[in-house]
Structure formats: C-alpha cells, structure tokens
> 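Below you will find the structure I want to go over with you.
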Amino acid sequence: MLAILSLLAVASAQQVSQPYYEHTYEELKEMGLLQRLITYNWKLELVTVSFTLAYLLTHFLGASYNARLVSKWVSSAEEVLDKQFASLGCSVKEKVVKDDNEHYTYFATGRKNIESLTVRFTLKPRHNLLLLVTETILSFFISSIEKSIDSVNIIVKYSDEAESNIDDFIWAIVNKDGMNQARIENYFLSLTKTSESSKLPTEYVFMSETADITEEVYNDAENSGLTSSPTLLKYVAFTDQSIVKPTTLEEAASSKKAILYTNFPSTASELKANQDLLTSFLSLVDNVVENVKFRPETLKRVKKTREAEIQKIKKALDEVQKEELESKRVEEQRKERERISKLSPEEQRKIEKKRQEKKQRKQMKQQRVR
C-alpha cells in the first residue's frame, strides 16, 4: 500500500506534458494501466487519504491514551478499594465498562454501610483532535463553552440500614476554583451557605445549611487527608437532595448519598494522594453513618428548608396545571366557534341571543349579592 502511494506521489510530482483530462478517449484507450496512473493527477486523492490516515491515527492514539489513564487510576485505587470492598469491577468479564471514548464506569460493592460505590470517568475528547482544539479555543471567548477536563466522579449509595441511621443534611468541602460551577451543576449545593474556616487550607470552603452541621461532621485532625492535595479534590459532599433540581414531588424525595469529585491524577505522586483521598473519604462516610447526629434545632431548620422547596415545586405544578386548563378551555372555545360558524344565520342568532340572556342573568345575580 505504501509503495503504491509513493509511486503515485512521485508521478504527481512530475511535470506532465499534457493533463489527463485533455487526452482524447482514443489516446487514453491506447495507454497502458501504468501510463494512465502516471498521467493522472492524484493530488486530491493523496490529500484526502493523508487527512483520513491522520484522523484515524489521532483517533486511535487519543482513545488509547484515555483508556490508559482509566487503567492507571483503577490499578492504583484498587490498592485501597480491595481492602474495603468484597467485589470490585462492573462484572466478572469487564472490570471497567467503556461507555464511549470519553466516558468509563467502574463499580464496587460489598462493604459495611455501603451498598455500592460507582465511579464515572469523564475524559477529554482526545480521540477527536479537531473537536478538542475547537472547544479549547472557543472556551476563551464564549463563557457558555467550557474547556474539557479529565475528572472522576464517585458516588456512594448507602446500605438500607445505614441510610435509615443518617439524618437529612447537606454538607460539602468545595475547592474555591470552580465553586460557582459546582453550585450550578449540583442543585443541593444551591441550598447551602458558604463559610471559610481555619480548619481548611485556603483553597477550600465549607458549604452547609448551618454551621452546626460542619462542627458535627468535620474533624480536621481525622479528615485532613481530604484536602491534602488541592490539585485533586474539587469537592466532597454529603446530601439527601438530588443533584438535578427536582420538578416533581417524587424527585424531591430524600435520596441520601456521598459524592467525591476530583481531577484526574496524572503523576505518581498524585496517584498516591488519590489513594489517601479515597481512604479519608470512606472513613468520613463511616463516621457520618455511625456517629453524626444533629441537635433538634438543627434538624428543624433542615426540615424547614426542604418544606420550602416542596412548596415551590407544588406552586410550579399548580401553575402548569392552570396553564393546561386554560389551554384546554381556549381550545374548546375555538371548536365551539367553528361549530357555530357552520350553522345557518338564524341558528347563530338564536345561540347569540341565549348567550346574551345568560350574561344578563349572571350580572343580575352579582348585583343582588352586592
């Protein structure tokens, strides 16, 4: 294949005395196959083939690089997770599930207090170099377009017994770099207040519903491993509310979970720091399940917040219902007008007379009431 392309490239580079398409049919017919190949100008085909091969090569290299990143993370993390969970991997055959070249999923189960730990990897679209470059350039000029990053999102689902032992609350440690974006992407964080603390490195803030919650959940001596690597941790959160803003009462129901969101570790030191981060995170999960209990006053405030959110949902649903009823009424009126328009003039006058009489009776009743 390469020999043929080389031959065609040499042929195209030669000065052809007469372009291919200027030859008559008889002249082309008299030529041999090799002479036709040499005479034909292959520049367009060569450019097309070159671009295609370059695209396929970058696609393969980019996809392979993403797969290696995930494999390194899993190999390193399993040094911690293997001691914590009875079962690792999505299935016996597939430890990691590849959703596409940008998204992978990993799973662990079989641990005290935890029903499952789900890891979702989101990577840069390295397999599509044109998209990656375009996205990166546009992100500097258009605020709505964000530059792609490599990230890891870990969600812990409690066991039924553990969940029943946890109070409703929202609490998080969030990296200041990306704090506003975290609020936008996580509905539950919009219900919290931000507070800085000497217990945290300057890169981080607490986000909770009340200061009491932070005092009860966080112990800087025991949980310092969470914030020991500012380049990794974007946020760690505990919540009973949904990530996406609920629009129905069913979606607003309590759904307790713990979340760890990090940048992708890329060096050996970051992979080690990621192990410490995982250990601290799982230790904090155990502490929340087994030891954290809030004062009645705190729980009242938490409950009040959720009731207020439920009232907002009910109000929005009522508005939707009113709009639907109004739309239905308008449609019925339209159909009635169409029906009347098809009647004879005499029948239309009778209907209009009845309508006016009905209107007058209604007005008289209103006057009597006054």
Side-chain angles (χ1 to χ4, degrees), residues 2 50-111 116-139 145-156 175 177-178 181 185 225-236 259-282:
L2 291 174
S50 299
F51 271 108
T52 302
L53 290 176
Y55 175 80
L56 292 174
L57 180 62
T58 56
H59 183 281
F60 173 76
L61 293 176
S64 299
Y65 184 81
N66 280 355
R68 286 198 300 275
L69 280 179
V70 173
S71 180
K72 282 183 180 179
W73 189 98
V74 170
S75 296
S76 174
E78 283 191 340
E79 293 180 21
V80 173
L81 300 178
D82 189 44
K83 301 172 185 176
Q84 301 265 1
F85 292 86
S87 176
L88 300 178
C90 294
S91 66
V92 176
K93 293 182 179 180
E94 282 187 303
K95 185 168 285 187
V96 178
V97 172
K98 178 181 177 182
D99 303 315
D100 54 45
N101 289 313
E102 298 173 56
H103 301 92
Y104 291 77
T105 302
Y106 178 78
F107 189 80
T109 188
R111 183 187 186 278
S116 65
L117 177 144
T118 304
V119 185
R120 301 195 186 282
F121 304 96
T122 302
L123 300 138
K124 295 178 182 178
R126 294 181 176 87
H127 62 289
N128 191 334
L129 193 58
L130 180 61
L131 173 62
L132 180 60
V133 172
T134 303
E135 194 177 65
T136 302
I137 294 173
L138 290 178
S139 66
I145 297 178
E146 289 190 28
K147 183 169 67 175
S148 294
I149 62 169
D150 297 325
S151 63
V152 184
N153 191 30
I154 302 174
I155 298 180
V156 163
N175 197 311
D177 183 18
Q181 190 62 30
E185 294 177 352
L226 289 170
T227 55
S228 60
S229 182
T231 58
L232 278 182
L233 180 66
K234 296 188 76 70
Y235 62 80
V236 56
I259 303 170
L260 178 65
Y261 185 57
T262 72
N263 288 316
F264 223 103
S266 56
T267 64
S269 60
E270 286 186 345
L271 285 169
K272 178 63 174 66
N274 187 62
Q275 292 178 339
D276 296 337
L277 187 57
L278 281 171
T279 301
S280 296
F281 174 59
L282 293 172

> Check whether any side-chain N or O of Glu135 sits under 3.5 Å from a backbone N or O of Leu131 as a donor-acceptor pair, and report yes or no.
no
> Might you point out which heavy atoms bring Asp150 and Lys124 nearest each other, and give the distance in Å?
OD1-N, 2.8 Å
> How long is the span from the CZ atom in Arg126 to the CG atom in Leu132, to the nearest 0.5 Å?
7.5 Å
> Out of curiosity, Leu233 CG to Leu277 CG, how far, rounded to the nearest 0.5 Å?
5.5 Å
> Quick check: are there more than 12 heavy atoms from other residues, nucleotides or ligands sitting under 6.0 Å from NZ of Lys98?
yes
> For residues Val96 and Val74, report the shortest heavy-atom separation together with the two atoms involved.
CG2-CG2, 3.7 Å
> About how many Å separate CD1 of Ile155 and CD1 of Ile259, when rounded to the nearest 0.5 Å?
5.0 Å
> Are any of the side-chain heavy atoms of Leu88 and Tyr106 separated by less than 4.5 Å?
yes
> Calculate, to the nearest 0.5 Å, the distance between atoms OG and CZ belonging to Ser87 and Phe107 respectively.
8.0 Å
> Look at the side chain of Asn66 and the backbone N and O of Pro125, then say whether any donor-acceptor pair between them is shorter than 3.5 Å.
no
> Should Thr262 and Lys234 count as side-chain neighbours, where that means a heavy-atom distance under 4.5 Å?
no
> For the residue pair Ile154 and Leu117, what are the closest heavy atoms and their distance?
CG2-CG, 3.7 Å
> Sub-3.5 Å donor-acceptor pair from the side chain of Thr134 to the main-chain atoms of Leu130, do we have one?
yes
> Main chain of Trp73, side chain of Ser76: is a donor-acceptor contact present, judged purely on distance under 3.5 Å?
no
> Of the non-hydrogen atoms in Asn175 and Pro230, which two are nearest, and what is the gap between them?
ND2-O, 3.2 Å
> Please walk me through it: do Phe281 and Val80 pass side-chain contact (heavy atoms from CB on, under 4.5 Å)?
CA-CA 11 Å; Phe281 174 59; Val80 173; over 6 Å; no
> In Å and rounded to the nearest 0.5 Å, what is the NE2 to CG distance from His59 to Leu129?
11.5 Å
> Can you tell me how the ring of Tyr261 sits relative to the ring of Tyr235, calling it parallel under 30°, perpendicular over 60° and tilted otherwise?
tilted
> Just wondering, more than 12 heavy atoms not from Asp100 lying within 6.0 Å of its CG?
yes
> Hey, mind stepping through Leu123 and Tyr65 against side-chain contact (heavy atoms from CB on, under 4.5 Å) and telling me if it holds?
CA-CA 10 Å; Leu123 300 138; Tyr65 184 81; over 6 Å; no
> Mind listing the closest non-hydrogen atom pair of Ala77 and Leu278 along with its distance?
CB-CD1, 3.7 Å
> Taking all heavy atoms of Asn101 and all of Ala63, pick out the closest pair and write down the distance.
OD1-CB, 3.5 Å
> Judged by atom type as modelled, is there a donor-acceptor pair below 3.5 Å linking the side chain of Ser71 to the main-chain atoms of Ala67?
no
> Could you walk me through whether Asp99 and Thr105 pass side chain to side chain donor-acceptor pair (under 3.5 Å), step by step?
CA-CA 7 Å; Asp99 303 315; Thr105 302; 2.9 Å; yes
> Do side-chain atoms of Asn153 reach the backbone of Arg120 as a donor and acceptor pair under 3.5 angstrom?
no
> Working to the nearest 0.5 angstrom, can you tell me the gap between Leu282 CG and Leu260 CG?
8.5 Å
